[in-house]
Amino acid sequence: MDSSSTHLFAARPGPARRAESAVAWIFRIATYLILACGLFVFADIIWKGAPTVLRSFALTESFPYVTNTFLFEAPETLHVFTYEGEKRELGDTAYRAFREAEIAKAAAAGQPAPRFTPTSYVYAAGGIWPCIVGTVLLVVGSMFIALSLGVASAIYLSEYARDTAFVRFIRLAILNLAGVPSIVFGLFGFAMFVLFFKWNVSLLAGWFTLAFMVLPVVITASEEALKSVPKGFREGSLALGATKWQTIRKNVLPYALPGILTSSILGIARVAGETAPIMFTAAYVVRDKLPWEVEKVGDFFFQGVMALPYHIYVVSSKIPQNDYTQRVQYGTAFVFLGIVALIAASSIILRNKLRGRYKW
Amino acid sequence: METASSAAPLKRSLAQPPSSSDASGDSTLIDIQNLDFYYGAKQALFDINLRIPDKRVTAFIGPSGCGKSTLLRCLNRMNDLIDGTAVKRGTIKVRGVDIYGRTVDPIELRKRVGMVFQKSNPFPKSIYENITYGLRIQGVNNKTRLDEVVEKSLRGAALWDEVKDRLHESGLGLSGGQQQRLCIARTIAVEPEIILMDEPCSALDPIATAKVEELIHELKKQFTIIIVTHSMQQAARCSDRTAFFYMGKLIEFDETRNIFMNPKNPQTEAYVSGRFG
């Protein structure tokens, strides 16, 4: 081993070398910075939000004997008051029951009715069950619409359409649609579905608005997925006397499905998280009925729902802030993250399963 | 540029095929007359006249871009899939029916005219599903019948003994040569009359090539085979007739023996003796 640096391949330090390693470090630091910011956001939400959920476990009389008041109850106003020198925090329902009981007790004892002067905080008690339900309904419905329309259109564009100027124009328009701000989709949905179709603020209007918002992503990604299926599979199938649709259905679409699902994962995260498109079209600030508590089946589609992102928006910017609302904000954000993670994880698992089945 | 130079020999050679094919007593299955074929504005085939005999192996040879694959893909209208392609003049008749006629359904045509591709393309399904694909899309779902066809086709493609224990494993797990024979088995499963082979051995090693060539010998008892090949040895080994194409024109078509031993056209001679191409 020659330790002196006189041999042919010895390193030659110099400004070029230093610049080389500096560039690598800049890239590395930038990446880690992003990672750190992301982790900070997640950690903050989990740190402040998890206790809200975890402290809300309560026992119930009947099956399943345990519940979580934050996850499975509707939001309520919180009343804080002093009773017999003790600070009490009660949700609206509990507070009314408590007051009735106290008044009755006083009346029975022949005493004057006690006076309560609670400080009230809206949304600070109870939970977010209607928001969870509403968000899940919005996601499922809009993804169903977006996937059926989007995959149909992607199949047309990639398999049937000839490469004409008009088709190229359609593609460009779809790509541009992806860049439109979500509030514009919200206004479009409001004008089109809520007012023009007279659907009012409803699940249906929200579904279509959200679906239109993710359609560009779904179409573009599905088209890519279809294009990545080797041409040989199509030719081989056609050469065996299959029709075009048979070929697509049996020998193209199944192999493109993992890619299409990947795109729908992105879509789900966006649909679940968007506030702007639903604030005019589907979201209620508060609603005391759950979506399935309707008189006619048809009414189901024409009711507004509460939704997690909109709830966060309302609680954190539309009402006076205090420690009680902060608890709800972070709790909701935590649950919301959890739901998105859950949906994404199940899609990824499904995708990997399919991908394992069709490999070439 | 070389139109002028090749026009004269072209006419001379064109006089040959009908007479030679008549002389050997083979019946004509595919009759191509005055075929002009275009990719958009670019003409790819010029005035092709060719009679392909029944139950024989016909080889198309010629340098790259000479139009041999294009002609092959005309025979089952695979070119329909490419935008802007058109047969501008002439006819292709299979058993007397013009396959570019207005009443012809390319789907029905392709059931009768199977194709094996240059790059083996088994579907990412099991071997069994690969073979039964063609029948299933025709609506055959009878298990016994499908089983029969799978065995018969795999035996026909000399693949049965190698894969009979793993019919339900992916076709992509096979070696390159086995994959190509699987594609042949898949093609014969739908019982076509004609099998088109587009350079079926160009991606195979010599041993796998030999197996496919043996297979071609067996298959010609039942099927009419048209094979496009870059390998002149292959054409010489496994075909009965050979057509030599150059720059989109049919230069010479004759008994394979004559093309290689005694070509009439100087261009053919130059090509088969390796002087250009």
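Letters A, B, ... are given to chains in the order of the sequence lines, protein chains preceding strands, and every chain is numbered from 1.
Chosen from B:Met78, B:Lys111, B:Arg110, the residue pairing most often with chain A at heavy-atom distances under 4.5 Å is B:Arg110. Here A:Ala239 is the residue among A:Ala242, A:Gly232, A:Ala239 with the most heavy-atom pairs under 4.5 Å with chain B. No other option in B:Leu81, B:Leu135, B:Asp83 has as many heavy-atom pairs under 4.5 Å with chain A as B:Asp83.
The neighbour count for A:Tyr160 OH, taken as heavy atoms of other residues, nucleotides or ligands under 6.0 Å away, is above 12. Counting heavy-atom neighbours within 6.0 Å of A:Lys244 NZ, excluding the residue itself, gives a total above 12. Within 6.0 Å of atom NZ in B:Lys220, more than 12 heavy atoms from other residues, nucleotides or ligands are found, so the atom counts as buried in its surroundings. Heavy atoms from other residues, nucleotides or ligands lying under 6.0 Å from CZ of B:Arg145 number 12 at most.
Neither the backbone nor the side chain of B:Val116 comes within less than 4.5 Å of any heavy atom of chain A. Contacts between B:Pro106 and chain A at a heavy-atom distance below 4.5 Å are absent for every atom of the residue. Neither the backbone nor the side chain of B:Arg112 comes within contact range of chain A; no heavy atom of the residue lies under 4.5 Å from a heavy atom of that chain. Of the atoms belonging to A:Lys250, heavy atoms from both backbone and side chain fall under 4.5 Å from chain B.
A 4.5 Å side-chain heavy-atom check between A:Leu238 and B:Met115 finds every atom pair outside the cut-off.
Taken from CZ in B:Phe123 to OG in A:Ser237, the straight-line distance is 5.0 Å, to the nearest 0.5 Å. The distance from atom NZ of B:Lys119 to atom NZ of A:Lys231, rounded to the nearest 0.5 Å, is 11.5 Å. Note that OG1 of A:Thr247 and CD1 of B:Ile107 are 7.0 Å apart. Values are rounded to the nearest 0.5 Å.
Among all heavy-atom pairs drawn from B:Tyr133 and A:Gln246, the shortest one is OH-O, 4.0 Å.
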